[in-house]
Colleague: 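Below you will find the structure I want to go over with you.
These values consider heavy atoms only, across backbone and side chains, with no hydrogens, waters or symmetry-generated copies. Only a predicted model underlies this, so the values are computations on that prediction, with no experimental measurement involved.
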Number of protein chains: 2
Amino acid sequence: MANQLSQLDQVFAALADPTRRAIVMRLCAGEASVGELADPFDMALPSLMKHIQVLETSGLVQSEKSGRVRTCRLGPDALVGAEYWFQQQRAIWEARLDRFEAYVMKLKREKERAAAKRPSRTTKRKGSE
Amino acid sequence: MANQLSQLDQVFAALADPTRRAIVMRLCAGEASVGELADPFDMALPSLMKHIQVLETSGLVQSEKSGRVRTCRLGPDALVGAEYWFQQQRAIWEARLDRFEAYVMKLKREKERAAAKRPSRTTKRKGSE
DNA sequence: TAATTGGTTAGCCATGAAGCTAACTATAGA
DNA sequence: TCTATAGTTAGCTTCATGGCTAACCAATTA
């Protein structure tokens, strides 16, 4: 029943909210209690708690309670998975651009060769730019 | 009224859906028509169109119609913004780890120095901080 | 011109997300 | 022990999202 979202789904969904991104950014600078995290936001505590829970189920954040204060920190491989996805895509994208460039170069070479083969043509040639 | 979401919000939200990620991945390999994009999915066309629209308003995808076929391609700086965000966070995170390591090293040095200074002591001292 | 193809618009529905208040639990401090 | 602090749970509202069908253009093709 538990809707089985992929890790990546959850991470991106978590980061789609500015409040949650702010929390992550805050935690990049070091761990913090729920209260400290809530402080900069004009938002009821339970609302903020929900954000923290979202971050936690996505794996971006971990927390542990000691006494009455819960301390939050970034999950160990928090951002790695998502960042990896980008790198993958960029790699494919760039490979494609390379191939495209190669293709354009090939076209150009062929065109030049063709032009060399028939050096004189009665009407205007457009090709020689 | 147009809810003013930040670019980053929209990009991450767009990428939070597996269908949309698949579309982006497909477009990394080259442009495609709406029909070609829809093909691998078991989903009604209008539903898929909505996904494309989401991708388009996020800036991840661009499209243009010629005749009756609409061709989609990745937006020029599509993934850059989001990837940049990750790099930023990682930079802060790593700086913090460096600082933390430096701190631990400092503690260690101080401890050694202190140990050197009082080679023998009967009971535990609390006061020396 | 008629039929097909490729996409689009409109409108419906179910679910989930983001916020709130109010009331509650449990620890820490006076 | 009393009180204040820190967080939690429950339950409500509102709006956004993701999916559908049905009907509708507008280019192509026969």
Colleague: Kindly give the heavy-atom pair with the smallest separation between B:Met43 and B:Ser47, and that separation in Å.
Modeller: CG-CB, 3.5 Å
Colleague: Quick one: A:Ile52 CD1 to C:dA18 P, roughly how many Å, whole number?
Modeller: 14 Å
Colleague: Whole-Å distance between D:dA16 P and B:Gln10 CD?
Modeller: 13 Å
Colleague: With a 3.5 Å cut-off and heavy atoms only, can you find an N or O donor on one side and an acceptor on the other between the side chain of A:Lys65 and the base of D:dG7?
Modeller: no
Colleague: Roughly how many Å is it from CG in A:Leu48 to C1' in C:dT21, rounded to a whole number?
Modeller: 16 Å
Colleague: Compare the minimum distances between each of C:dA18, C:dC20, C:dG7 and the side chain of A:Met43, then state the nucleotide with the smallest one.
Modeller: C:dC20
Colleague: Give a yes/no answer on whether the side chain of A:Ser47 brings an N or O atom under 4.0 Å of OP1 or OP2 in C:dC20.
Modeller: yes
Colleague: Of the candidate nucleotides C:dG19, D:dG7, D:dG19, which contains the atom at the shortest distance from the side chain of A:His51?
Modeller: C:dG19
Colleague: Return whichever of B:Met49 or A:Thr19 has its heavy-atom-nearest nucleotide of DNA chain C closer to the 5' end.
Modeller: B:Met49
Colleague: Look up atom CZ in A:Arg26 and atom CD in A:Glu31, then write down how far apart they are to the nearest 0.5 Å.
Modeller: 9.5 Å
Colleague: For the side chain of B:Val69, starting at C-beta, report the closest nucleotide among D:dG7, C:dG19, C:dG6.
Modeller: C:dG6
Colleague: How many Å lie between CD1 on B:Ile23 and P on D:dG18, as a whole number?
Modeller: 11 Å
Colleague: Find out whether B:Val34 and B:Met49 are in side-chain contact, i.e. whether some heavy atom of one side chain is under 4.5 Å from a heavy atom of the other.
Modeller: yes
Colleague: Which heavy-atom pair separates B:Gln62 from B:Glu56 by the least distance, and what is that distance?
Modeller: C-OE2, 4.1 Å
Colleague: What nucleotide, of C:dG7, D:dG7, D:dG19, holds the atom closest to the side chain of A:Arg70?
Modeller: D:dG7
Colleague: According to a strict under-4.0 Å criterion, is A:Arg20 in side-chain N/O contact with OP1 or OP2 of C:dA18?
Modeller: yes
Colleague: Side chain of A:Arg68, base of D:dA6: donor and acceptor closer than 3.5 Å?
Modeller: no
Colleague: May I have the distance from B:Glu56 (atom CD) to C:dG7 (atom P), rounded to whole angstrom?
Modeller: 13 Å
Colleague: Distance check needed: D:dA10 P versus A:Leu45 CG, whole Å only.
Modeller: 17 Å
Colleague: Report the distance from atom CZ of B:Phe41 to atom P of D:dG18, rounded to the nearest whole Å.
Modeller: 13 Å
Colleague: Starting the side chain at C-beta, find the nucleotide from C:dA10, D:dG18, C:dC20 nearest to B:Pro46.
Modeller: C:dA10
Colleague: Measure the OG1-CD1 distance between A:Thr19 and A:Ile52 for me, rounded to the nearest 0.5 Å.
Modeller: 11.0 Å
Colleague: Please give, in whole Å, the distance from D:dT17 C1' to A:Asp17 CG?
Modeller: 15 Å
